[in-house]
Asks: 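For reference, the structure I am asking about is given below.
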Amino acid sequence: MKPKKRHVLLLLLVCSGPTEAIEPISTSIAVGMAVALTGFLASYQNILNYFHECCRPEWISLNRTGLQRDLKTKLFGQHIASRIVLKAVSGFMANKNPKKPLVLSLHGWTGTGKNFVSQLIAENIYKKGMDSSFVHFFTAQHHFPNSNQIETYKSQLKRWIKGSVTNCARSMFIFDEMDKMHPGLIDSIKPFLDYYEKLDGVSYQKAIFIFLSNAGGESIIETALNFWRAGRDREEIELKDLETALSLSVFNNKKSGFWHTSLIDKHLVDFFVPFLPLEYRHVVQCVLAEMKAKNLKPKKSVAEQVARDLVYSPKSERAFAVKGCKTIGSKLDYYM
Ligand SMILES: *[C@@H]1O[C@H](CO)[C@@H](O)[C@H](O)[C@H]1NC(C)=O
């Protein structure tokens, strides 16, 4: 019975204990409690796992080293994306009073690592990673499938975002398949991305919004292909080689939801992050990493076999894997 009571007591202290404004009289008591609590936690580290996740630095803080290492060792062929993401996220998280939420727009073809990067960001900010109750993932076809229910979706989404950020300022929202999202839906989240100090009494300035889409993917491939054909190292591709083409193509593509909105127009997106198409050698790296993740002994010959059997485009040159590293996981089971 006794241990159970302790858990409850600690839960209350950890979650709703004084954070910033501590009353002078209770300070010494709080400090005393904190000391006792720290001692307790230090000796019972594993009990920590019992606790409900809280909106506090113990649960939410960026591990910059971790993010840097993950981007370097787990993400392949994306020198531009890794650089931008690390800079954007660490700059934002270091800022105690950001003027607006961080808005990243990740662009590129299927399987190039957009989802994976948002997962790495979540894992290095939230102790519970994608399982954190402060990380929210939406995908157009799953969450907003019917275009005749847009009005319902709009109000649900707005309420969800408002409720989440009220509950925890450092919330993260990931929107997959942005190009399949109804323009009206994108419009409805626009106010949250802006420079408002408060919106209906809630500040969204510490939140992170990540948009994933294929929009602009083709023009990224075109640029990468030009480098490939010229025999230039892809690492020579710079953001400026892609930036204009990317934003214009996103803007002008009538099929993509962006076209209807003023996300770009109003400069609500802080960073456009291009993902390059993957070459054979990157796929090999993906397969080796997947083997490691599955606790299999990495075998180069098998990895090369898997990579060789994928579809590449353009057909004559076999420059880029059409589906990138997307289906590697399931393919591997077949080859092993
Ligand atoms: C941050 O990440 C590094 C590298 O993955 C890891 O060794 C370290 O323990 C992490 N630090 C914290 C505070 O989680």
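Everything numeric here is computed off the predicted structure, so don't read it as measured data. For the single chain, residues carry numbers from 1 onward in sequence order.
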Asks: Can you pull the side-chain hydrogen bond (donor to acceptor under 3.5 Å, both in side chains) pairs that have at least one residue in residues 116-126, sequence neighbours excluded?
Replies: D70-N124, Q119-E123
Asks: Checking H282 side chain against E279 main chain: does a donor-acceptor pair fall under 3.5 Å?
Replies: yes
Asks: Distance from E177 atom CD to N115 atom CG, nearest 0.5 Å?
Replies: 9.0 Å
Asks: Pair D309, Q305 - check side chain to side chain donor-acceptor pair (under 3.5 Å), show working.
Replies: CA-CA 6 Å; D309 289 352; Q305 183 65 44; 3.3 Å; yes
Asks: Is it the case that atom CD in Q156 sees more than 12 heavy atoms from other parts of the structure closer than 6.0 Å?
Replies: yes
Asks: Less than 4.5 Å apart, side chain to side chain, heavy atoms only: is that true for P274 and L239?
Replies: yes
Asks: So which pairs with a foot in residues 124-143 pass salt bridge (charged side-chain N to carboxylate O under 4.0 Å, His left out), sequence neighbours left out?
Replies: none
Asks: Looking at side-chain heavy atoms only, is the closest gap between S105 and F271 below 4.5 Å?
Replies: no
Asks: Measure from the ring center of F272 to the ring center of H107 and say whether it is less than 6.0 Å.
Replies: yes
Asks: Applying salt bridge (charged side-chain N to carboxylate O under 4.0 Å, His left out) as the test, list every pair that has at least one member in residues 82-98; sequence neighbours left out.
Replies: none
Asks: Who else is in the cluster with W228 when I, L, V, M, F, W and Y are joined by side-chain contacts under 4.5 Å?
Replies: W109, I221, L225, F320
Asks: Hey, are the side chains of L185 and F144 touching, using non-hydrogen atoms and a 4.5 Å cut-off?
Replies: yes
Asks: Do R170's NZ or CZ and the ring of Y204 fall within the cation-pi criteria of under 6.0 Å and 45°?
Replies: no
Asks: For the atom pair CD (Q205) and CG (L199), what is the distance rounded to the nearest 0.5 Å?
Replies: 10.0 Å
Asks: With sequence neighbours excluded, what pairs up with Y195 under the side chain to side chain contact (heavy atoms under 4.5 Å, CB included) test?
Replies: K99, K100
Asks: Determine yes or no for a side-chain-to-main-chain donor-acceptor pair under 3.5 angstrom, with T112 supplying the side chain and G108 the backbone.
Replies: no
Asks: Which salt bridge (charged side-chain N to carboxylate O under 4.0 Å, His left out) pairs, counting each pair once, include a residue from residues 319-336, with sequence neighbours left out?
Replies: K294-D333
Asks: Looking at residues at least two apart in the chain, or sitting in another chain, which of them share a ring-ring contact (aromatic ring centres under 6.0 Å, His included) with H143?
Replies: F138
Asks: For V311, what are the other residues in its hydrophobic cluster, where any two members join if their side-chain heavy atoms are less than 4.5 angstrom apart?
Replies: V322
Asks: Name all residues meeting the side chain to side chain contact (heavy atoms under 4.5 Å, CB included) criterion together with Q68; count only those two or more places apart in sequence or in a different chain, and write none if there are none.
Replies: R64, L86
Asks: In chain order, what residues pass the side chain to side chain contact (heavy atoms under 4.5 Å, CB included) check against E236, with sequence neighbours excluded?
Replies: F227, R232, D233
Asks: Using salt bridge (charged side-chain N to carboxylate O under 4.0 Å, His left out) as the criterion, list what pairs up with D176, not counting sequence neighbours.
Replies: none
Asks: With a 4.5 Å heavy-atom cut-off, do I60 and C55 have their side chains touching?
Replies: yes
Asks: Is a donor on one side and an acceptor on the other found under 3.5 Å between the side chain of S313 and the backbone of K315?
Replies: no
Asks: For atom CZ of R69, decide whether the heavy atoms of other residues, nucleotides or ligands shown that lie under 6.0 angstrom number more than 12.
Replies: no
Asks: Check each of F92, F173, F137 against F209 using the ring pair (Phe, Tyr, Trp, His ring centres under 6.0 Å) test, and report the only one that passes.
Replies: F173
Asks: Give every residue pair that meets the salt bridge (charged side-chain N to carboxylate O under 4.0 Å, His left out) criterion with at least one member in residues 138-156, sequence neighbours excluded.
Replies: E151-K154
Asks: Give a yes or no answer on whether the side chain of N95 reaches the backbone of N97 with a donor-acceptor pair at less than 3.5 Å.
Replies: yes
Asks: Is there a donor-acceptor pair under 3.5 Å between the side chain of E53 and the backbone N or O of S133?
Replies: yes
